[in-house]
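For ligands, and for the atoms within them, numbers begin at 1 and follow the listed sequence.
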Amino acid sequence: MSGFSASWLDLREPVDAASRNAELSAALQVWRRPFKRLSVLDLGCGTGANFRFLAPLLGGEQHWRLVDHDPILLAHGARRLRRWAAARAMQTTLAERGLAFESANDRYQLEPLALDLVGDWDLPDRRSPTLLTASALLDLVSEPWLERLAARCRQWEAAVFIALSYDGAVVWEPVLAGDERVRERLNRHQRTDKGFGPALGPAAPATLAILLRQLGYRVMLRPSPWRLGPEHGRIQTALLDGWSEIARQFGLEPTDWLPEWTHRRRRLIERRMSRLYVGHWDVFACPCGIAGPVSIPQPAVE
Ligand SMILES: C[S@@+](CC[C@H](N)C(=O)[O-])C[C@H]1O[C@@H](n2cnc3c(N)ncnc32)[C@H](O)[C@@H]1O
């Protein structure tokens, strides 16, 4: 349905966790301290990787609404989350609208929501979150969509934590002729419509930071790149396959060089001689100090 398989999300989860920006994770922990109970809204949650990383970091009492339009990923996520809680010796109970995981110090209540975020979406209960979060989602959305989201966060007075947004940088080692042509096609594909309007692709993290800044947020934008080594052969191969296919489809010129490029890259990965850098950014924006009536600047008309 969404084009994101649970097996792909499983493959990237440990790499994402290791790549997240430590300074921003620490800033989020500090921001969390004054709140007794957090209400978190996770957009494009997939199987719940963002929850699995952030919930233990934030600790205490939390209510999560996990939103995705793909019911298969949500179902896979429910099983995955139960296993995750069991591995942490947390007690699982059925809660009002989902699951609750409990340990001596922490209680996480989870509410999965099958919701399409395209267009004029709304939350069934309309309760404002304290924290709006997402991971590996932002490159899919368009600028008008992001403007609406930023304005909504401002109205909620919610903090914003958006992790692992792709920035267009792809660097293979060793370098091969063809790398740049593949990267250029990939980034052209990034800007195509994924349902939200023309996608921001690599421009998304900086655009979000600027939008939130204009709304009075205190914004931190920090790198969280994937640095894949020879031990990450499976994910390198998955990326190679995906990008080769995109390059084949998005070439304006002939792609007779592409099979040879793909073959040589595959051989390097198999021989454990390949390294790959993929640029990402994390954004943490705090409405700290925003007070008084909400005023949302209108986007400039070009
Ligand atoms: C790259 S995955 C990231 C999943 C998860 N956040 C993670 O870090 O593993 C992007 C997610 O966005 C979801 N998504 C894409 N378009 C959506 C839409 N229109 N409405 C809701 N979710 C959407 C996909 O189903 C997928 O789970």
Per atom 18 (C) of ligand 1, closest listed option by heavy atom (Arg52, Arg12, His69): His69
To the nearest 0.5 Å, what is the distance between CZ on Arg213 and CZ on Arg218? 9.5 Å
Among Leu113, Asp116, Asn50, the residue with a heavy atom nearest to atom 19 (N) of ligand 1 is Asp116
Which heavy atom of Arg275 sits nearest to which heavy atom of Gln236, and what is that distance? CA-NE2, 4.1 Å
Excluding sequence neighbours, so at least two apart, what forms side-chain contact (heavy atoms from CB on, under 4.5 Å) with Ala204? Leu138, Leu200
Does Cys45 approach ligand 1 within less than 4.0 angstrom via side chain, backbone, both or neither, non-hydrogen atoms only? backbone
Looking only at heavy atoms, is any part of Ser135 under 4.0 Å from ligand 1, and if so is it the side chain, the backbone, or both, or is it neither? both
Decide whether Val67 and Leu38 are clustered together by the hydrophobic rule: side chain heavy atoms of Ile, Leu, Val, Met, Phe, Trp, Tyr closer than 4.5 Å, transitively. no
Where does Leu115 meet ligand 1, judged by heavy-atom distances below 4.0 Å: at the side chain, the backbone, both, or neither? backbone
Any donor-acceptor pair under 3.5 Å linking the side chain of Arg83 with the backbone of Ala86? no
contact_flag Gly195 ligand 1 heavy-atom lt 4.0 Å: no
Check ligand 1 against Gly46 and write out every atom of the ligand that is under 4.0 Å from a heavy-atom position of the residue. 4 (C), 27 (O)
Once you restrict to heavy atoms under 4.0 Å, what part of Leu73 touches ligand 1? Side chain, backbone, both or neither. side chain
Can you confirm if the aromatic rings of Phe51 and Trp84 lie within a centre distance of less than 6.0 Å? yes
Does Asp16 reach ligand 1 with a nitrogen or oxygen that is under 3.5 Å from one of the ligand's nitrogen or oxygen atoms? no
Hey, does Leu137 come in under 3.5 Å of ligand 1, counting only N/O atoms on both sides? no
Judging by distance only, is a nitrogen or oxygen of Ala136 under 3.5 angstrom from one on ligand 1? no
Contact list for residues 193-207, test side-chain hydrogen bond (donor to acceptor under 3.5 Å, both in side chains), sequence neighbours left out: Thr192-Lys194
Tell me, please: is Trp121 in heavy-atom contact with ligand 1, that is, under 4.0 Å? no
So which atom in Trp257 and which in Gly178 form the shortest heavy-atom distance, rounded to 0.1 Å? CZ3-O, 4.0 Å
For ligand 1, is there an N or O atom under 3.5 Å from any N or O atom of Asp70? no
Using only heavy-atom distances, determine whether the side chains of Trp281 and Asp167 contain a donor-acceptor pair under 3.5 Å. yes
Check for me whether Leu43 has a heavy atom closer than 4.0 Å to any atom of ligand 1. no
Close-contact set for ligand 1 against Val118 heavy atoms, below 4.0 Å: 19 (N)
Going by atom types only, do Asp282 and Ser224 share a side-chain donor-acceptor pair under 3.5 Å? yes
